[in-house]
Amino acid sequence: MGKYLLKRILFSIFSLIVVVGIVMLLVYSLIKRNVIFETDDMWTKKALNDQKMYEYTMFQKYGYLTYVDYASFLKEKYTAKYGEGYESQPDYIADRDAIKNPDTYESNASVQEFKEKYKGDDIVYMAPVNYSNGGMKPGGRAYLIASHEKSVFSRLWSYFTSLVTVETKNMVKDERLTDRYIRFEKDPYSWAGFALVGSGTQHKYLLYFDERFPFIHQNFLHLNFGTSYTTYRGQEITSVISEKTGDLKKTLQQFPAKVGTDEWEETAIDFHSLQYNSSDTVNPADQENFNDRYTVYNYKKTGLSMLGNSFVIGLISVFISYLLGVAIGILMARKKDKLVDKLGKAYIVFISAVPSLAYIFIVAFIGTSVFKLPYKFATAPADAKILAYILPTISLSLGSIGSLMKWTRRYMIDQMNSDYVKFARAEGMSEKEIYNKHIARNAFIYLVHGIPGSILFCLTGALMTERVYGVPGVGGLLINSINSHDNAVIVAMVLIITTIAITGQILGDLLLAKYDPRISLSSDSGGGRK
Amino acid sequence: MNDEKNNVINPTNGADLGFEVVGNDAISSEKIIAPRYSYWKSVFRVFFKKKMNIVLIALFVVLVLSAVFIPLICPYEPQENVTNATAYNLSPAKAMEQFGHSFKWMLGTGPQGNSIMYNIFAGARTSLLLAVVCAAINMTIGIVLGAVWGFSKKLDAILIPIYNIVANVPFILVVAVLIYVLGSGFWNMVIAMTITGWLGVAYFFRTQVMIIRDREYSLASKCLGTPIRRIVSKNILPFLTSVIVTLLATEVPSYISLETYMSFIGIGLSAEVPSLGRMISAAQTAFLTYPWEFWPPVIYAAMLTIILYLLGQNLADATDPKTHM
């Protein structure tokens, strides 16, 4: 069993890597890479060579290539030679200015050295662009760079190796910080009164308690899925999906340096989110309020995060679907060919045949016009935000209720005709007992398998429902990123969704094996309980 | 040879007893007398016994013919009223007042003065064509490959790992990423939907073939030396007709739904191809203000899929020989 599980997990990781690799190959190699600049204001403001250089920096940032600039090469060369004051040395100035002349630059010794050093790379020379009177056009500066396309393998390698970061006390590279530790300390911001606090770590609070579900939180492990380029400019994908949205939630709090005094302040700062500030200057107000350099923070907000929105809607709908779907399915099987069964069958046909788009809009129409529920999430009144969750949850449930009804009924009816049921009836067991103790239990075996998957899939959001109701959830992330050529987000979403699908399958199989002892996952044990 | 056989019987004995000698008809004695049975005839007998199926067939024919011929006879021109701002977003009553009472304006006009009616039929044509092409490609490759897969251990070794990887990735994700890479357009959509779509069909079919492959009559046939090709084509595939039809019954409507879905989220067909999904997507903001732009394509798409689905289900029931009693 353990061996089987290990094999299965290893194969899953392998297939994950293959899938991400294929998507990377497709997305980074087959899409015209310049499309990412279409909506970039910085790019449109620049011209000529400066614009090209900006493209190179962005390509490097988003993992297309790595490049070395001639200027940084010179800097390295002359700092080694002269130290700090190299910029005024005449031979440095001569080398620096050599590339300004397109006719003679190749004879310069440093340029030749540069070319020799980066032999295998693409050497790109951008000649200066001048007006006819000799003045330089804006953005017309000369550049010399050596660029190197990243292969899919190195991209995959760097992606997966930087995927998980673990906080250590040597994480912050700052010589000014001398006191490095990770220990339990008093925490004035939680109900528990203590927290695991780090110094030298990126986050100050590594393990803490607060009043938000699930009440205990960690900052030890971070998933790094890359940085969004177009949809959420420059933001990390992890923080995009997990950061809270909505209005600021102000409460009476004390700044770390003010703890113990009677200075209270109305602020929305979430002190558990403090991060190290490695910039050279700390602004004076912060210096007064914080007694260390952990001065970067997020705010507490009233709404849920994108992930939270999707998960809440998804989870409630999974709960409703299993409750209703299974109950109605059993009822239909018991009253086979009666009115309930016929109505249920009509519903199943309707739900499985009609595009989900159609019934979502029908729900939206009835909900808004008959029950006066809010339609778009954003326009719902702030004090009744909870009402805005009702229609999306119902819309999401309808489909899964239908399919659960279908399968429950199918399995129940299959079981009803089996010999053990006839035997139980012959023994004189009551119909209720037969249904509840025997048939339902056996029919559930097939339904149990889907439970972990359906719960996990709440994390990826419901694409269609969220789009129709304008719910700020993760469901639309993949599609938005596809529409705006946000490659990093596409790869991240593929990774997340595929991981969830695989994990759901494995957990489903395990649960099935647990629920039904006749099922054995490893083929070598020959079936049956060991 | 026949003459010899006839001579065996003595003609005199019977005549004495007052009987007439009929003689032995050697040819008909070789025949086994059984009621005439034709599989497909019996399928259609069962199918048409239900009155509902006749209605469904009629509706189906009307839908298909209208989707095929109306765009041919009355071509949809989205730009025809684009310069005439008074023709924008007209309700059916106002549109008929402005343009006269004709079939074309019966459902009003869209945001650019386009005819909703013609748009629906042009869109339905795209959706149906896409669904039929995708289903044909996936089913053909899937069935042929699945039949071979069920027998070949070598193919099993290659395809099972591929299937395990592909099956882990949600289909919608594959289609979305591929359309992003290939660009939008009818044939790109076909490629995106068929590049991995056949694998699921083939896997399903492999399992079905394997179940029947090991049945006694197949084993007996194999022992008698029937080549595998004949076992597949004569013993196994006819047995799977109802499975194929069941699969078809869910595949075709599912592609229509998928197209609607993809076009709705904006990564399906390109803007110039009329489609039901794109129509719904364009009208979704006008869902409360201009309902005549929104509901007709939704209802039409729902009707199309529900009729195809019911028809497929009922045909699948009828193709199952167990219902032929």
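Lettering follows sequence order; numbering is per chain, from 1.
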Chemist: If I compare all heavy atoms of B:Pro161 with all of A:Phe11, which pair ends up nearest, and what's the gap?
Modeler: O-CZ, 4.0 Å

Chemist: If every non-hydrogen atom of A:Leu478 is compared with every non-hydrogen atom of B:Ala176, which pair is closest and at what distance?
Modeler: CD2-CB, 4.5 Å

Chemist: Does any backbone or side-chain atom of A:Phe361 lie under 4.5 Å from a heavy atom of chain B? Answer side chain, backbone, both or neither.
Modeler: both

Chemist: Non-hydrogen atoms of chain A under 4.5 Å away: do they reach the side chain of B:Ile280, the backbone, both or neither?
Modeler: side chain

Chemist: Specify the closest pair of heavy atoms between B:Val181 and A:Val27, including all atoms of both residues, with the distance to one decimal.
Modeler: CG2-N, 4.4 Å

Chemist: Look up atom CD1 in A:Ile362 and atom CD1 in B:Ile299, then write down how far apart they are to the nearest 0.5 Å.
Modeler: 7.5 Å

Chemist: Please flag which part of A:Phe14 lies under 4.5 Å from any non-hydrogen atom of chain B: side chain, backbone, both or neither.
Modeler: side chain

Chemist: If you apply the rule side chain to side chain contact (heavy atoms under 4.5 Å, CB included), what do you find for A:Leu357 with B:Tyr261, and how did you get there?
Modeler: CA-CA 7 Å; A:Leu357 189 65; B:Tyr261 186 83; 6.0 Å; no

Chemist: Return the OH to CG distance between B:Tyr180 and A:Asp486, rounded to the nearest 0.5 Å.
Modeler: 8.0 Å

Chemist: Mind ranking A:Thr368, A:Leu16, A:Asn480, A:Ile502 by heavy-atom pairs under 4.5 Å with chain B and telling me who comes out on top?
Modeler: A:Ile502

Chemist: With only heavy atoms counted, which part of A:Ser356 is less than 4.5 Å from chain B, the side chain, the backbone, both or neither?
Modeler: side chain

Chemist: Could you tell me which non-hydrogen atom of A:Pro355 sits nearest to which non-hydrogen atom of B:Ala302, and how far apart they are?
Modeler: CD-CA, 4.0 Å

Chemist: Please list all pairs passing the side chain to side chain donor-acceptor pair (under 3.5 Å) test where one or both residues lie in residues 465-477 of chain A, with sequence neighbours left out.
Modeler: A:Ser310-A:Glu466, A:Ser395-A:Tyr469

Chemist: Counting only heavy atoms not in A:Tyr375, do more than 12 fall under 6.0 Å of its OH?
Modeler: yes

Chemist: Check the surroundings of atom CZ in B:Phe60: do more than 12 heavy atoms from other residues, nucleotides or ligands lie under 6.0 Å from it?
Modeler: no

Chemist: Is it the case that more than 12 heavy atoms not belonging to A:Lys376 sit under 6.0 Å from its NZ atom?
Modeler: yes

Chemist: Drop me the distance from B:Thr260's OG1 to A:Met464's CE, to the nearest 0.5 angstrom.
Modeler: 8.0 Å

Chemist: If you tally heavy-atom pairs under 4.5 Å against chain B, which of A:Val349, A:Val468, A:Val19, A:Val18 wins?
Modeler: A:Val349

Chemist: Is it the side chain or the backbone of B:Leu310 that comes within 4.5 Å of chain A heavy atoms, both, or neither?
Modeler: side chain

